[in-house]
There are 2 protein chains.
Amino acid sequence: MFYESNKKVNHARFKPQTFALLNRSRKAGIGYSQCVLRPKTTEEVSRILSFCNEHRIAVCPQGGNTGLVGGSVPVFDEVVLSTSLMDQIISTNDTSGVLVCQAGCILEKLDTHLADHGLMMPLDLGAKRFLSSWRQCVKANGEVLDCLRYHLKHLFIGSEGTLGIVTKVAIQCPAKPKAQNVAFLGLESFQDVLKTMKKAKYDLGEILSSCELIDELSLDLVTSHLKLNSPISVYPFYMLIETQGSNNDHDEMKMNAFLESAMSDGLILDGTTTNEVSKMQSLWELRERITEGLTHDGYVFKYDISLPTKNFYSLVPAMKERLGDSAKRICGYGHLGDGNIHLNISVREFTQDILDKIEPFVYEFTSKLKGSISAEHGIGFRKPKYIHYSKSKESIALMKQLKAMMDPNGILNPYKVLPA
Amino acid sequence: MFYESNKKVNHARFKPQTFALLNRSRKAGIGYSQCVLRPKTTEEVSRILSFCNEHRIAVCPQGGNTGLVGGSVPVFDEVVLSTSLMDQIISTNDTSGVLVCQAGCILEKLDTHLADHGLMMPLDLGAKRFLSSWRQCVKANGEVLDCLRYHLKHLFIGSEGTLGIVTKVAIQCPAKPKAQNVAFLGLESFQDVLKTMKKAKYDLGEILSSCELIDELSLDLVTSHLKLNSPISVYPFYMLIETQGSNNDHDEMKMNAFLESAMSDGLILDGTTTNEVSKMQSLWELRERITEGLTHDGYVFKYDISLPTKNFYSLVPAMKERLGDSAKRICGYGHLGDGNIHLNISVREFTQDILDKIEPFVYEFTSKLKGSISAEHGIGFRKPKYIHYSKSKESIALMKQLKAMMDPNGILNPYKVLPA
């Protein structure tokens, strides 16, 4: 049942098809594992890790796709350690806005709970992600760490379960906004998108809560495959701009002034704005269901890339030029605020030939523009061999030192993040 | 000229008077050091550290009191490595708001520069501090690290120069607010302060930019010693509330509605509000010059403590009860938003007897309430022996492992942060 961790396993013997299979198995939460453990307490996590560390059993920590800590897919037959049952809310402070909960809590549950306290999850600009800091974490050897100076809490956020398992988090939650507005805009060029974003930051200031880019072929995915309706006609680019504030009259005035001015400047060709809950949801679906639309489009190569704002979109035309007719659809969408773009390339069927055209080109291109791969979903299993495109060898060496220090037997999430 | 780092040095042979002397020398920037180096580039920092590491020479990194990286005072005759000449602004992106600069830049220079771009430094709620991430850092052995996954950038922020020297930082800057309002309020009790803060978060929402607490004896320091004028009469507690936004009419309406409602609820006894620049400055001086006022009050024991919001102020009455007449003044002020309180105890002159009454009591008290010592100014030299009050032994062990990994010869900022 258990798999003995073997650092010498050769990644190369896995064919790309295997990756696809792993991706598909993500929903089920199990790769080739035959054992899933669902502890309920930090103490149980500690005992599991202590046992696994002693017996050199590889562990794949899994927070679930909707959990506080990023999910992860086993590569071989690692023991899956799921935090899905660790979903207790420990405390909520109405005054300070600090929520303390177990790390397996799902966002929806927290949102509902916080609403009763007049609070909301602190999602950062443009991304449905949030900032938190952990309160408790279990090391590979089972040792429980309570809180640390040296801001080690951040260390674990980017580590994708390779350094330790977070069991308890504290989240600073802002007041639930009393007003919300969403605008959906059509634009002619990426230059206009950039200008509109800059203007939105200036005009909407403190109430700007999201600024998303969707290109023509990304929107087409949800309108053609999922039959969603776009409120405006077809444009090369779309933006979804959301505001959140404490006074709806004020927010509407700001939003309307911004839109009028952007239209008269010729930045926006068409647009719609609303503060009706159901209409706002429909507009958000156009952005949030793109991933679902992609599943109807054939085999898809997905890349999650961070690029400087001015070059945010440049990868899409570059890829179109490179692949020409061999790709079915090349599209991009993402969070303009933090320069995080989702590049998707759909093809009729997977071929090694097309993969070779895409990789390592996509990594070289990103590296040249000083971007970073795997901004949102992490490096995971597929990309360790490409990490050198965005990290220097000194940085990778330090990451390896850290890994060796925190998890000397290499039991936690093996084959992930770091190159062999 | 150089001091050979010796980890066996015994802290105990230093009398409290020595600490006072070190504190006094902070302004000059030099303790007993006879050598201050002021590199201008990352390359120079790298060469200095490489040399010092090879020859086992202790280094005290110093960012200056107004620099981006916290200042630090040498304990013996460490070589002072000052980043004060590393004050070049490297790039400013108007669209993304990202500023990249050398780590020795002072806030004032950055603020002036950013204003030309319609941007400002991102100060967090209530504290004149800001969030940044480093782009370049030099390890103890001189190796240059460019950027890291594993969010190591945060690692260095809390480490006070004991793990490496940050040479270049990137800061995400928000748009400069078009409107600003400041209110100065008088309140009867700490309970009312908490209720008012909660109300301010709810009513002012996204425009609330500062929420400061000043107690009666803290304000008295600036009105009596510095002859500043308070706009209202004497109350047990004062709050300074600041808003920043993009529309002054909207912000004034929100502020006035908040104040009227808080007054009619009986939370606020008196208050004044303004958006005139000179008047706002005068109100801020009442808070910001408390430290200066303290220097006229005799020998002062200063503690910088993080406590849960509801117990934010409890240390002050506890200390008053414990010390009685032996203290001249016991007062507290600080950032309500993040629970960071400055506790000050002034006495006619330093005696070991009074120090023994204060310590370790202050640490025990903080630990019991699950607070943390040295929230803002760091642990530095004085407090390593008390770190166990807020950190578990597992956490301290991990910090020591990290230190050993990053700086195996222990040349960086010795005798600081970690207990011997």
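Throughout, protein chains are lettered first and strands after them, A, B, ... in sequence-line order, and every chain is numbered starting at 1.
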- Item | Residues of residues 245-252 of chain B with any heavy atom under 4.5 Å of a heavy atom in chain A | Gly245(B), Ser246(B), Asn247(B), His250(B), Asp251(B)
- Task: Would you please name every residue forming a ring pair (Phe, Tyr, Trp, His ring centres under 6.0 Å) with Tyr313(A), sequence neighbours left out?
- Result: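 Partners of Tyr313(A) under the ring pair (Phe, Tyr, Trp, His ring centres under 6.0 Å) test: Phe190(A), Phe237(A).
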- With only heavy atoms counted, which part of Met197(A) is less than 4.5 Å from chain B, the side chain, the backbone, both or neither? side chain
- For Leu119(A), is it the side chain, the backbone, both or neither that has a heavy atom under 4.5 Å from a heavy atom of chain B?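 No part of it gets close to chain B.
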- Query: Would you say Lys178(B)'s side chain and Gly205(A)'s backbone share a donor-acceptor pair under 3.5 angstrom?
  - Reply: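 Looks like no, no N/O pair under 3.5 Å.
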- Note on the structure: For Lys198(A), the salt bridge (Lys or Arg N to Asp or Glu O under 4.0 Å) test, sequence neighbours excluded, returns Asp94(B)
- Select one option (side chain, backbone, both, neither) describing which atoms of Glu143(B) are under 4.5 Å from chain A's heavy atoms.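 Just the side chain, heavy atoms under 4.5 Å.
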- Task: Tell me, please, which residues at least two apart from Ser189(A) pass side-chain contact (heavy atoms from CB on, under 4.5 Å).
- Result: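 For Ser189(A) the side-chain contact (heavy atoms from CB on, under 4.5 Å) partners, ignoring immediate neighbours, are Gln191(A), Asp192(A).
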- Task: Using a cut-off of 6.0 Å, state whether more than 12 heavy atoms not belonging to Lys310(A) lie near its atom NZ.
- Result: no
- Query: Just how far is it from atom CE of Met405(A) to atom CD of Gln401(B), taken to the nearest 0.5 Å?
  - Reply: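 Met405(A) CE to Gln401(B) CD: 4.5 Å, rounded to 0.5 Å.
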- Query: Quick one: are Leu402(B) and Leu402(A) in side-chain contact, heavy atoms under 4.5 Å?
  - Reply: yes
